[in-house]
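Before any comments, here is the structure.
Every chain is numbered from 1, with letters handed out A, B, ... down the list of sequences.
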4 protein chains.
Amino acid sequence: MKLTTAGESHGKGLFAIYEGLPSNLKIDIDEINHYLNLRQSGYGRGGRQKIESDTVEILSGVRNTYTLGSPVAICVKNSDYKNWQQFMAPEGCDTTQKTLTKVRPGHADLTGLIKYDQTDARNILERASARETAVRVAAGTIARQYLRALGIEISGYVKSVCGVIDPTVYAFESLNSAKSEPLFMLDKDKQQKAMALIDQLKQNGDTAGGIIEIRVKGLKSGFGSCMQYDKKLDARLAFALMSVQAIKGVEVGVGMQAGNLKGSQVHDEIYFNNGKFVRKSNNAGGIEGGMSNGEEIILSASMKPIPTLMKGLNTVDYISKQPCKAASERSDVAAICAAEIVLESVTAIALAEVVAERLGGDNMAEVIARYCNLA
Amino acid sequence: MKLTTAGESHGKGLFAIYEGLPSNLKIDIDEINHYLNLRQSGYGRGGRQKIESDTVEILSGVRNTYTLGSPVAICVKNSDYKNWQQFMAPEGCDTTQKTLTKVRPGHADLTGLIKYDQTDARNILERASARETAVRVAAGTIARQYLRALGIEISGYVKSVCGVIDPTVYAFESLNSAKSEPLFMLDKDKQQKAMALIDQLKQNGDTAGGIIEIRVKGLKSGFGSCMQYDKKLDARLAFALMSVQAIKGVEVGVGMQAGNLKGSQVHDEIYFNNGKFVRKSNNAGGIEGGMSNGEEIILSASMKPIPTLMKGLNTVDYISKQPCKAASERSDVAAICAAEIVLESVTAIALAEVVAERLGGDNMAEVIARYCNLA
Amino acid sequence: MKLTTAGESHGKGLFAIYEGLPSNLKIDIDEINHYLNLRQSGYGRGGRQKIESDTVEILSGVRNTYTLGSPVAICVKNSDYKNWQQFMAPEGCDTTQKTLTKVRPGHADLTGLIKYDQTDARNILERASARETAVRVAAGTIARQYLRALGIEISGYVKSVCGVIDPTVYAFESLNSAKSEPLFMLDKDKQQKAMALIDQLKQNGDTAGGIIEIRVKGLKSGFGSCMQYDKKLDARLAFALMSVQAIKGVEVGVGMQAGNLKGSQVHDEIYFNNGKFVRKSNNAGGIEGGMSNGEEIILSASMKPIPTLMKGLNTVDYISKQPCKAASERSDVAAICAAEIVLESVTAIALAEVVAERLGGDNMAEVIARYCNLA
Amino acid sequence: MKLTTAGESHGKGLFAIYEGLPSNLKIDIDEINHYLNLRQSGYGRGGRQKIESDTVEILSGVRNTYTLGSPVAICVKNSDYKNWQQFMAPEGCDTTQKTLTKVRPGHADLTGLIKYDQTDARNILERASARETAVRVAAGTIARQYLRALGIEISGYVKSVCGVIDPTVYAFESLNSAKSEPLFMLDKDKQQKAMALIDQLKQNGDTAGGIIEIRVKGLKSGFGSCMQYDKKLDARLAFALMSVQAIKGVEVGVGMQAGNLKGSQVHDEIYFNNGKFVRKSNNAGGIEGGMSNGEEIILSASMKPIPTLMKGLNTVDYISKQPCKAASERSDVAAICAAEIVLESVTAIALAEVVAERLGGDNMAEVIARYCNLA
């Protein structure tokens, strides 16, 4: 299973080809659109999210809502393309407008200009933009549907926004209600505080990030490997989370705190009850020796604040080399809810790939039977 | 460039094949042995490190200390194999002894037994053991020599041990002295405290982990990609660090704290001085938009405490299902210095791979010329 | 550089994502459409080629006809989809019509039905169809444009049709005229004979294949590797050619005849003239030791006759298990010209990938400079 | 499953790491040595085969003759290394002797010297040498043991030597006796003729190649894919065969002749007998639509004559640029039997990889159960 993505932020759309899905997986298009909408939601977003309401189109690999076993091509159109066509069209366009040379700190602008031998950061930012994640959310929902057929569910919530931290530990079942909250937070008081902080940051022309927790329930033990360093489940999930724009830290289970605790505080002792090996704690976050151990997978990731500030950061014009304020391409104060949905999605994609490698199988009946046969 | 490793902890040795190195890279075997020795050093290690003094043997791909462009095979022998041959020999041996069924929390034991259809966790732990990292250190030193030919250096130190934290920010040049310290710490007072803590943990039969900072100097901008999610430098480095046994958290630059700060506190403003774009801060840790931005790369990783406690954790015997104390395979209290060396090594390996993809090239003269030609 | 394709024969279209192209490559869309038209041309084709005139649409990765360095997504629409939508739509459709159960020998039908757990071979043949190659021709033309920027050209012609063989050896320059011939043959008498044979086969309800020669001019020496078995140029080209539907044999240079000749008849002796190493023969087909040797690359491939015969082959109905005549999904007698274009295209794609691995580089200026610097 | 190889012809040995083997596969070391001996056998070999009798050593991944699920490292030592150590040692050696500058046509010498920036072709030929295949034979025998556990067997024989062709079609069962013949030919008269021809070529200082047929019995249908061009079984097998030194042509089933025949002569009609779909012919060579169809796999490959002729081919000295006779590094007249064993081995390796992708599975019990469950 392999996901390949393409598409620019103001181009025709975002595209992806998802290879290696078995045949006869039922695709729920409404659910894909539901997650696309969730990615656009959340307190602190600016204007663009209001003009575009993303929907997926399935281009290939599916017939009558069931996968064929062939590559699934999908598209999330940029509904704003009609206004951008004259500046972005592959076939020919005016590249002298919509230029960006006041390179923005925290973005790919400056490095990309040099690397790709360009003079206009438009040619960099169009692909570097987090809008690319829309199609990963669409594909991630397909991954979710594959995993759900095996009894595996992914959820998550926002744990902190710009320093307003909710330290509570929640049961998996209670996480889903987060999606109806304006900041995907579960503690309403904290959320109220965080919203007030966002309002204040907006007034100051500043921005926020936050910390997100992702959880996986129903994954049997033994996914990943203790035998090859490049097959370890934790490494693969860390790769997936860190591949999301703006993520600067990734944790499994107790995470960075692991280094500050004693062995007797960290390791999850093993018991045998009702014919099953069980734990009373889950500091490992469900991964030991590079493999799922049958407990819930617990991941955290930290998102940096949006790097485009309305008040403008100090920078330099790439052409004139004169100091200036950085260009403002968007006006979000926070996009933590979008990130939460994206992190769930990339977790689903990475996990589906790991699951498919272990199970093999060409059609869903085969895949399900093999998963059921695992201890 | 691709590294493949093999070998069991008490087998004949650890082996690796390193593909894709250009020809005419000078290999300094003494430096490889130096890093192998460093991996075995550090306060808090138990008995085994004393009996074995690892050295590398180059098996192929090198002639008269220069690479040929062919795959480089290397070996770190297990000098203790003579005592284990009767229990471990591939050709035939006694597998009724040296068995382990009191599965250890925090290890691959329990999950591995089920996944690989075994009744003796010896068959799991031999490969899952962190001894595997010895050969990654050897290969990592070769990667280091490749990078050094381009002016890229990797260093690091221990930032905290079991909660004794050194918050100082150090210049790259001062990091190297860490290797002569018993815990690779740079603040001697903190280190003294940490050593005392380790002594106490040892008395209590408990263990420690810690936090390590890795830094890369001399890497030009533009390594990695803002165009494809699976080519991002931060994702690839996170994968590398998280693939090391016992690592539970990985950070780039300001890391997990990113989510708690305002945009104006995080992003590194851009200036132009003496014909160069420069920054006054490096919260990004040298990576923006999935690419190196020309600043130092700054990574942190958190290592969990050693999961084998002399006092024994509660567990279950895999065969009898009876509660018991977990088996004690080793007697380290802390292995933070080993981890520091391993993390430097895997960073070197991952970085060399990224560098080689961008530069291509079949021989070192070509590789160096291409690197010099980059802006 | 990596090409991923998707799309069903009667679905919305054929799709591809082409990753790893450097920035600033000029894309000539007209040339892509030219090769798409050539793929549909040739004596012996049936009805479908007349209704559809394929054109490419570039969906992403290109702005104002220049690549951005981001993934290039392309599409070749199925103009007939409007008539098939009710039977093929991903969103929901009638799958009780257009079924195929009289499984066709020589096709994927029977095996695919079992593997993908289906009862209607429509769900297999839609992707197994050679129509998939349309998008490989489109991508192959982009690969061609990348190679041409380095002075590398690919051409070819039809050497034999169903036993009518043209044994002449042609200069590279004379090959291009083949594209204006009805069967892409260079000997007009042989071609006349072959066309007459096709007419006769058509009357008999039978089909033809043929043999195609592909040539590459301008490739410098040293592409591929003698150091790793999975980097050999000949192996990678054989993979590419054999991945085309209906190809059953692949040859490099003297090919299968190599085994029937003496060493003194086969190996191309080396001379030194005007400051250059030169050869007087090219039995090696430009590849020695798994690497290009600077001579022209010469490849041949044999295409089996079209497996759908109007007169119908004996087969079995998959559901009833009753003997019957195989279904007739298309009515071509020969598609050798299509195969010729496809083989040129996959050669271009494979070669561009090999070239890009050796050169690296992020933008065309860099790529061209590096190629020029090679000996 | 992935095989990585290393090692020079006169270095310490040939090495390989075989990743992805499931646990609990019984390894028969004697059988590995048996195939290593067969690789060294055959009429027409020169002196070196007599001094070295290859044997395998398993270095890791196996305990008490059973795989652990960890990477299997293996070694075939060069017993002649003691005589070459002073000229080849990685640690330091005399590189002014054993040099080769009279570059040999048909070898990697000339191209390799330029590509790897060398002045002595010793640095090229040591790895380019077909001796590398020894370790592929060793690994191939492990692949064979994996496949045999599923009921899949690989065999083959020599079909022609330098134009002496045996056109007979043989049953799979009769192929094994080929291994006891001096040229692995099944028609004793033809073989006698071929041996006489080799004697004569030897007298003339000339060399021979030949054509080899490889067959696979017991592979169920559905391995490979009709859905993705880079997963096609025929493409992957063509890659494997063409990756063997000296192979210039590869055929599946009717092969190059496919292009010369009519559709009604080629395609294998389908019948249903005794509850099974069956064929009366196998021109497809067991592969339709990029997948195994349940019939025997039939592959042919053509090996060029040995490129080192005792009478010497015309060439140029790389340093002086003066015309000369090519260097003679070895003295074989034919190595067709070696090639036959190697081609069986690489077929086994490629097939095991394809099988493992479809089946997944971590231990042999699981793998066998899943294979049995396939239709």
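Among Q245(B), R279(B), E288(B), the residue with the largest count of heavy-atom pairs under 4.5 Å with chain A is E288(B). Contact count versus chain A (heavy atoms, under 4.5 Å) is highest, among M242(B), Q257(B), M291(B), K248(B), for K248(B). Ranked by heavy-atom pairs shorter than 4.5 Å toward chain B, the options G289(A), G222(A), A375(A), G290(A) are led by G222(A). Interface remark: of the candidates A284(A), A240(A), A334(A), A208(A), A284(A) forms the most heavy-atom pairs closer than 4.5 Å to chain B. Of the listed residues (M227(A), Q322(A), E132(A)), the greatest number of heavy-atom pairs within a distance under 4.5 Å of chain B belongs to M227(A). Each of A108(A), A6(A), P105(A) has some count of heavy-atom pairs under 4.5 Å with chain B, and the biggest count is that of P105(A). Counting heavy-atom pairs closer than 4.5 Å to chain B, the top-ranked of the candidates S300(A), S225(A), C226(A), G205(A) is C226(A). Of the residues considered (M303(A), K232(A), K321(A), K304(A)), K321(A) shows the highest number of contacts with chain B, using heavy-atom pairs under 4.5 Å.
Rounding to the nearest 0.5 Å places CG of N314(A) at 11.5 Å from OG of S264(B). Atom NZ in K2(A) sits 4.0 Å away from atom CG in D230(B) (nearest 0.5 Å). Note: I114(A) CD1 to N293(B) CG = 9.5 Å, rounded to the nearest 0.5 Å. One finds the OG1 atom of T111(B) at 13.5 Å from the NZ atom of K220(A) (value rounded to the nearest 0.5 Å). Considering OG1 of T315(A) and CG of D268(B), their distance stands at 11.0 Å, rounded to 0.5 Å. Put simply, NZ on K115(A) and CZ on R358(B) are 4.5 Å apart, with the number rounded to the nearest 0.5 Å.
Although no hydrogens or angles enter the test, the distance criterion places a donor-acceptor pair under 3.5 Å between the side chain of S302(A) and the main chain of G259(B).
Summarising the geometry of A258(A) relative to P305(B), their closest heavy-atom pair is O-CD, 3.4 Å, with the distance given to 0.1 Å. Across all their heavy atoms, V250(B) and M256(A) have their closest contact at N-SD, 3.9 Å. Nearest heavy atom pair, residue S243(A) against residue Y229(B), reads CB-O, 3.5 Å.
Of the atoms belonging to L201(A), it is side-chain heavy atoms, and not backbone ones, that fall under 4.5 Å from chain B. Proximity to chain A (any heavy atom under 4.5 Å) is restricted, for D206(B), to the side chain, taken from C-beta onward. Only the side chain of L110(A) comes within less than 4.5 Å of a heavy atom in chain B; its backbone stays farther off. Residue contact with chain A, scored on non-hydrogen atoms closer than 4.5 Å, involves the side chain of K311(B) exclusively. Both the backbone and the side chain of R236(A) come within less than 4.5 Å of a heavy atom of chain B. K159(A) does not touch chain B: none of its heavy atoms, backbone or side chain, sits under 4.5 Å away. Only the backbone of V161(B) comes within contact range of chain A, with heavy atoms under 4.5 Å apart. Contacts of T133(A) with chain B are absent, with no heavy-atom separation under 4.5 Å from either backbone or side chain. Contact annotation for I165(A): only side-chain heavy atoms (C-beta onward) come within less than 4.5 Å of a heavy atom of chain B. Looking at P323(A), there are no atoms closer than 4.5 Å to chain B (heavy atoms on both sides), in backbone or side chain.
In this view, E8(B) satisfies the salt bridge (Lys or Arg N to Asp or Glu O under 4.0 Å) rule with no residue, not counting sequence neighbours.
Residue pairs that meet the ring pair (Phe, Tyr, Trp, His ring centres under 6.0 Å) test with at least one member in residues 246-280 of chain B, sequence neighbours left out, are Y318(A)-F277(B), F272(B)-F277(B).
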